[in-house]
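Notes to accompany the following structure.
Because the structure is predicted, anything quoted here is derived from the model rather than measured. Order of the sequence lines sets the chain letters (A, B, ...), proteins ahead of strands, with each chain counted from 1.
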Number of protein chains: 2
Amino acid sequence: MQKKTFNTTLSLRDFVKTKRKDLGFTQKMLADKAGVGLRFIRELENAKPSLQMNKVNQVLLLFGYELGPVPLNRKKMMDEKS
Amino acid sequence: MQKKTFNTTLSLRDFVKTKRKDLGFTQKMLADKAGVGLRFIRELENAKPSLQMNKVNQVLLLFGYELGPVPLNRKKMMDEKS
DNA sequence: AATAATTATACCCTTACGGGTACAAAGATA
DNA sequence: TATCTTTGTACCCGTAAGGGTATAATTATT
């Protein structure tokens, strides 16, 4: 029942990590399914700031998400699962 | 009074273009204020898919926005001004 | 119409992204 | 403990991103 608040700005890494584990994927599995390299997934989950948008979108697409402009300091609510 | 619907997914370019003109900036002014090159602003407003997130965020920051994961097919409402 | 301002396209160049790979570190399982 | 899996860090390298600049094309503005 507990929900987790996360800052959309700072937690793209946490978003990916959470979604990935929700699906029971390893980094390698996610990389293969997204069509990116394993190193990229690791850089993404380690919050490398200079990642290319199209590559990030290839990953987010698997979760039904994509990169878009969101207001700063925006907080979102997300269930622990799904 | 008319509001414009835009798909967050496809219209990062339109978002930037609209916000820029709302502030009365030229591409060059926006580039200088954001600390990126003029060419980058043009590629951004022309929807180049492989732009680097940190550069895009330097621009969105001026508008009080940033890149974040948004659900696919999400539609947002935005006033013509502000 | 002409002129000025803004935007689009193209070229060269330096930098670094991203892939691949290997190895180390951390977690899990028995 | 040892063993296996998963994740993190480091290296080399091809290639594309992004800046600068110049020139065309487009769009005001008069």
The reported gap from CZ in B:Arg13 to CD in B:Glu45 (rounded to nearest 0.5 angstrom) is 8.0 Å
Could you check whether any side-chain heavy atom of A:Val56 comes within less than 4.5 Å of a side-chain heavy atom of B:Leu67, counting everything from C-beta outward? no
Can you list the residues that meet the side-chain hydrogen bond (donor to acceptor under 3.5 Å, both in side chains) rule with A:Asp32, with sequence neighbours excluded? A:Lys28
Listed by chain and number, what are the side-chain hydrogen bond (donor to acceptor under 3.5 Å, both in side chains) partners of B:Gln58, not counting sequence neighbours? none
Answer yes or no: is there a side-chain heavy-atom contact under 4.5 Å between B:Phe63 and B:Leu30? yes
Residue pairs involving residues 46-60 of chain B (criterion salt bridge (charged side-chain N to carboxylate O under 4.0 Å, His left out); sequence neighbours excluded): B:Glu43-B:Lys48
Between NZ of B:Lys17 and CD1 of B:Ile41, what distance do you get to the nearest 0.5 Å? 12.0 Å
Identify all pairs in which a protein N or O lies below 3.5 Å from an N or O of nucleotides 16-22 of chain D, and state each distance.
from, atom 1, to, atom 2, distance (Å)
D:dA17, OP1, B:Ser50, OG, 2.6
D:dA17, O3', B:Gln52, NE2, 3.4
D:dG18, OP1, B:Gln52, N, 2.6
D:dG18, N9, B:Arg39, NH2, 3.3
D:dG18, N7, B:Arg39, NH2, 2.2
D:dG19, OP1, B:Gly37, N, 2.9
D:dG19, OP2, B:Gly37, N, 3.3
D:dG19, O5', B:Gly37, N, 3.3
D:dG19, N7, B:Arg39, NE, 3.4
D:dG19, N7, B:Arg39, NH1, 3.1
D:dG19, N7, B:Arg39, NH2, 3.2
D:dG19, O6, B:Arg39, NH1, 2.3
D:dG20, O6, B:Arg39, NH1, 3.1

Need two values: the first and the last nucleotide of DNA chain C, 5' to 3', having an atom under 4.0 Å from any heavy-atom of chain B. C:dT6 to C:dC17
Student check: side-chain heavy atoms of A:Leu12 and A:Leu60 closer than 4.5 Å: yes
To the nearest 10 degrees, the angle between the two end axes of the helix from C:dA1-D:dT30 to C:dA30-D:dT1 (five pairs per end) comes to 60°
Could you tell me the separation between the CG atom of B:Asn54 and the CD atom of A:Gln52, rounded to the nearest 0.5 Å? 10.5 Å
Would you sort out whether A:Leu61 and B:Leu72 count as a side chain to side chain contact (heavy atoms under 4.5 Å, CB included), showing the intermediate values? CA-CA 8 Å; A:Leu61 187 62; B:Leu72 274 172; 3.5 Å; yes
